[in-house]
Amino acid sequence: QVQLVESGGGLVQAGGSLRLACVRSGRTFSTYTMGWFRQAPGKEREFVAARNWSGDNIYYADSVKGRFTISRDNAKNTVYLQMNSLKPEDTAIYYCAASKFEAPSVVTAKSVISYDYWGQGTQVTVSS
């Protein structure tokens with residue numbers, strides 16, 4: 001069994017920054033692809049960013065490209081999402097997810113059904 005625990009959410013003013021972290025415990029899955037998704041009230045869960053284990057496949061949603069950066073530290077079993085220049089529309093619950101695909105295409109990486117394990121989420125609120 002794999003557990004994912006997110007942290008780092010909070011309340012921030014527009015233009016500010018936050019760094020989310022997701023720590024994995026359980027089975028070794030250093031070759032898994034890790035992703036971040038978000039869900040705002042009344043909306044479907046949407047893709048934010050993904051990075052495979054080698055860093056050869058890194059993808060971002062157009063809405064966050066240039067502002068967010070996904071990184072991972074396999075030795076610490078942790079994946080990060082650095083969020084800069086935050087906007088009120090970034091307000092959502094952010095979820096960390098792990099996929100068994102080792103080198104996903106962009107279509108695969110952006111799909112919710114590609115991910116096998118999910119964290120409980122961390123709230124990010126951006127005030128205007």
Shortest non-hydrogen contact from [X] to [Y]?
{"X": "Ala49", "Y": "Leu81", "answer": "CB-CD1, 4.2 Å"}
{"X": "Ser114", "Y": "Ser99", "answer": "O-OG, 2.8 Å"}
{"X": "Val112", "Y": "Arg45", "answer": "CG2-O, 4.3 Å"}
{"X": "Val23", "Y": "Thr78", "answer": "CG2-OG1, 3.7 Å"}
{"X": "Cys96", "Y": "Glu6", "answer": "N-OE2, 2.8 Å"}
{"X": "Val126", "Y": "Lys87", "answer": "CB-O, 3.2 Å"}

Step by step, work out the side-chain contact (heavy atoms from CB on, under 4.5 Å) result for Ser17 and Gln82.
CA-CA 8 Å; Ser17 298; Gln82 178 67 45; 4.0 Å; yes
What distance do [X] atom [atom1] and [Y] atom [atom2] have between them, rounded to the nearest 0.5 Å?
{"X": "Arg72", "Y": "Ile58", "atom1": "CZ", "atom2": "CD1", "result": "10.0 Å"}
{"X": "Glu89", "Y": "Ser128", "atom1": "CD", "atom2": "OG", "result": "10.0 Å"}
{"X": "Leu18", "Y": "Asn84", "atom1": "CG", "atom2": "CG", "result": "9.5 Å"}

Taking side chain as C-beta onward, heavy atoms only, is Tyr80 less than 4.5 Å from Thr69?
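The answer is no, as the side chains (C-beta and beyond) never meet within the 4.5 Å cut-off.
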Just so I know, are the side chains of Arg38 and Ser63 near enough to count as touching, which here means a heavy-atom distance under 4.5 Å?
yes
Okay, side chain of Asn52, backbone of Asn57: is any donor-acceptor separation there less than 3.5 Å?
yes
Would you confirm whether Thr91, through its side chain, and Thr125, through its main-chain N or O, come within 3.5 Å as a donor-acceptor pair?
no
Are [X] and [Y] linked, directly or through other ILVMFWY residues, by side chains that come within less than 4.5 angstrom of each other?
{"X": "Tyr117", "Y": "Phe101", "value": "no"}
{"X": "Val124", "Y": "Trp118", "value": "no"}
{"X": "Trp36", "Y": "Val106", "value": "no"}
{"X": "Ile70", "Y": "Tyr115", "value": "no"}
{"X": "Phe68", "Y": "Leu20", "value": "yes"}

Just checking, Arg51 and Tyr59: is the charged tip under 6.0 Å from the six-membered ring centre and within 45° of the axis?
no
How about CD on Gln120, more than 12 heavy atoms from neighbouring residues, nucleotides or ligands closer than 6.0 Å, or not?
no
Does the pair Asp62/Lys65 count as a salt bridge with the N-to-O cut at 4.0 Å?
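Salt bridge present between Asp62 and Lys65.
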Checking side-chain contact (heavy atoms from CB on, under 4.5 Å) for the pair Asn74/Arg24: CA distance, chi angles, key distance, verdict?
CA-CA 10 Å; Asn74 290 333; Arg24 181 272 297 169; over 6 Å; no
Residue pair Arg67, Met83: steps toward the side-chain contact (heavy atoms from CB on, under 4.5 Å) verdict
CA-CA 6 Å; Arg67 300 187 297 122; Met83 306 186 295; over 6 Å; no
Apply side-chain hydrogen bond (donor to acceptor under 3.5 Å, both in side chains) to the pair Ser127 and Gln13, showing each step before the final yes or no.
CA-CA 5 Å; Ser127 63; Gln13 288 188 334; 5.0 Å; no
Chi angles and distances behind the side-chain hydrogen bond (donor to acceptor under 3.5 Å, both in side chains) call for Ser105, Thr108:
CA-CA 5 Å; Ser105 67; Thr108 299; 3.1 Å; yes
Would you please classify the geometry between the Phe47 ring and the Phe37 ring as parallel, tilted or perpendicular, with 30° and 60° separating the classes?
perpendicular
